[in-house]
Q: 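I'd like to ask you about the structure that follows.
Note: hydrogens, waters and symmetry copies are ignored here, and every other heavy atom, side chains too, is used. Read the numbers this way: they start at 1 and go in the same order the structure lists the ligands and their atoms. Remember, it's a predicted structure, so these values are computed and weren't measured experimentally.
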Amino acid sequence: MPVVPAQPFDYSFPEGRLALVVIDMQRDFVEPGGFGESLGNDVTRLQAIVPALQRLVTACREAGVPVIHTRECHRADLSDLPPAKRDRGDPALRIGDPGPMGRILVAGEPGAEIVPALAPLPGEAVIDKPGKGAFYATAFADALEAANASHLLMTGVTTEVCVQTTMREANDRGYECLLVEDCTESYFPEFKAATLEMVRAQGAIVGWTATSDQVIEVLSP
Ligand code: TIU
């Protein structure tokens, strides 16, 4: 079995059972004018992981590791957007409002698309999700089953919101998850650092962490 030198200890996975999960690498989170910036965040932090994630995605494709993408977005009629989500806080633009990249976090709008550098290939699963976690009200579980996955590489944004929520949900469902340190980012560096520490604490209570170099090293083409 391939072994990644990870924290808090080595991470191994059976050949053919690994999948790469890329969470919400959408223009709305990564580019100016979208949802992330409307919440008052500096989106340049998130842009910085695109090259490393692009390298990992390419390595996975070359190694035959299935790539599964998610997008946080809502139906045009917002029927899947509870008031508890729409009305939270005091953002400059609310979900569904028109912005420079179309309606904020609405499926089919330019802002909801995945950034071009990480565009899904034909045949790769793309899961639209109304929540922060990828399992709620989606076919994500079916996509993991179709990929025959038991072990998941977790990447994307933001570390402590959609990535961590999905990683915890996957852990509870029996998946062995590794969070790729330089392929995830938060608007808050201290939240990213805390998330990395908390998932691997207590003997990998939620999972492992490692760098993309450490992962790519063991992926055989
Ligand atoms: N994808 C995701 O993490 N959604 C968020 O709303 N994240 C924030 O950090 N706001």
Side-chain angles (χ1 to χ4, degrees), residues 20-50 53 57 67-75 78 80-97 99 101-107 109-115 117-120 125-138 140 143 152-171 177 179-196 198-199 206-207 209:
L20 172 64
V21 180
V22 185
I23 303 279
D24 301 356
M25 288 301 296
Q26 297 159 262
R27 299 181 64 197
D28 258 325
F29 292 107
V30 175
E31 294 184 12
F35 183 61
E37 193 176 72
S38 82
L39 297 170
N41 299 308
D42 171 10
V43 296
T44 57
R45 295 189 50 78
L46 272 52
Q47 284 168 12
I49 67 165
V50 170
L53 187 46
V57 167
V67 182
I68 300 170
H69 309 259
T70 71
R71 299 185 294 204
E72 181 178 351
C73 58
H74 295 272
R75 296 187 197 122
L78 305 182
D80 57 356
L81 176 62
K85 184 173 182 183
R86 178 176 158 83
D87 299 340
R88 192 75 56 81
D90 186 22
L93 293 170
R94 291 196 183 278
I95 296 170
D97 288 349
M101 293 190 289
R103 294 177 66 203
I104 298 282
L105 282 197
V106 168
E109 300 286 334
E113 294 303 325
I114 291 168
V115 296
L118 299 170
V126 182
I127 305 294
D128 284 350
K129 62 186 190 48
K132 302 306 184 191
F135 287 91
Y136 171 66
T138 73
F140 185 55
L152 305 179
L153 299 173
M154 303 297 306
T155 65
V157 297
T158 62
T159 315
E160 80 282 10
V161 182
C162 291
V163 177
Q164 183 175 203
T165 301
T166 301
M167 184 163 170
R168 288 177 179 276
E169 290 181 322
N171 188 56
C177 301
L179 179 56
V180 186
E181 296 166 15
D182 53 326
C183 292
T184 184
E185 195 48 87
S186 169
Y187 300 118
F188 306 90
E190 66 275 25
F191 289 174
K192 173 179 174 177
T195 302
L196 294 177
M198 72 175 76
V199 302
V206 181
T209 78

Q: Between R71 and D28, does any NZ, NE, NH1 or NH2 come within less than 4.0 Å of an OD or OE carboxylate oxygen?
A: no

Q: Identify the residue among I49, T184, I23, L53 that makes a side-chain contact (heavy atoms from CB on, under 4.5 Å) with V157.
A: I49

Q: Name the residues in contact with ligand 1, where contact means a heavy atom under 4.0 Å away: which are they?
A: D24, F29, F35, L39, E72, K132, V157, T158, V161, C162, Y187

Q: Quick one: are D24 and K129 in side-chain contact, heavy atoms under 4.5 Å?
A: yes

Q: Tabulate below the donor-acceptor pairs under 3.5 Å that side-chain atoms of residues 36-43 make, not counting sequence neighbours, or state none.
A:
| unit_1 | atom_1 | unit_2 | atom_2 | d |
| --- | --- | --- | --- | --- |
| E37 | OE1 | G33 | N | 2.9 |
| S38 | OG | F35 | O | 2.7 |
| S38 | OG | L93 | O | 3.4 |
| N41 | ND2 | G36 | O | 3.0 |
| D42 | OD1 | T44 | N | 3.0 |
| D42 | OD1 | T44 | OG1 | 2.6 |
| D42 | OD2 | T44 | OG1 | 3.2 |

Q: Could you tell me which non-hydrogen atom of C177 sits nearest to which non-hydrogen atom of A170, and how far apart they are?
A: SG-CB, 3.7 Å

Q: Quick one: closest heavy-atom pair of R86 and R94, and the distance?
A: O-NH1, 2.8 Å

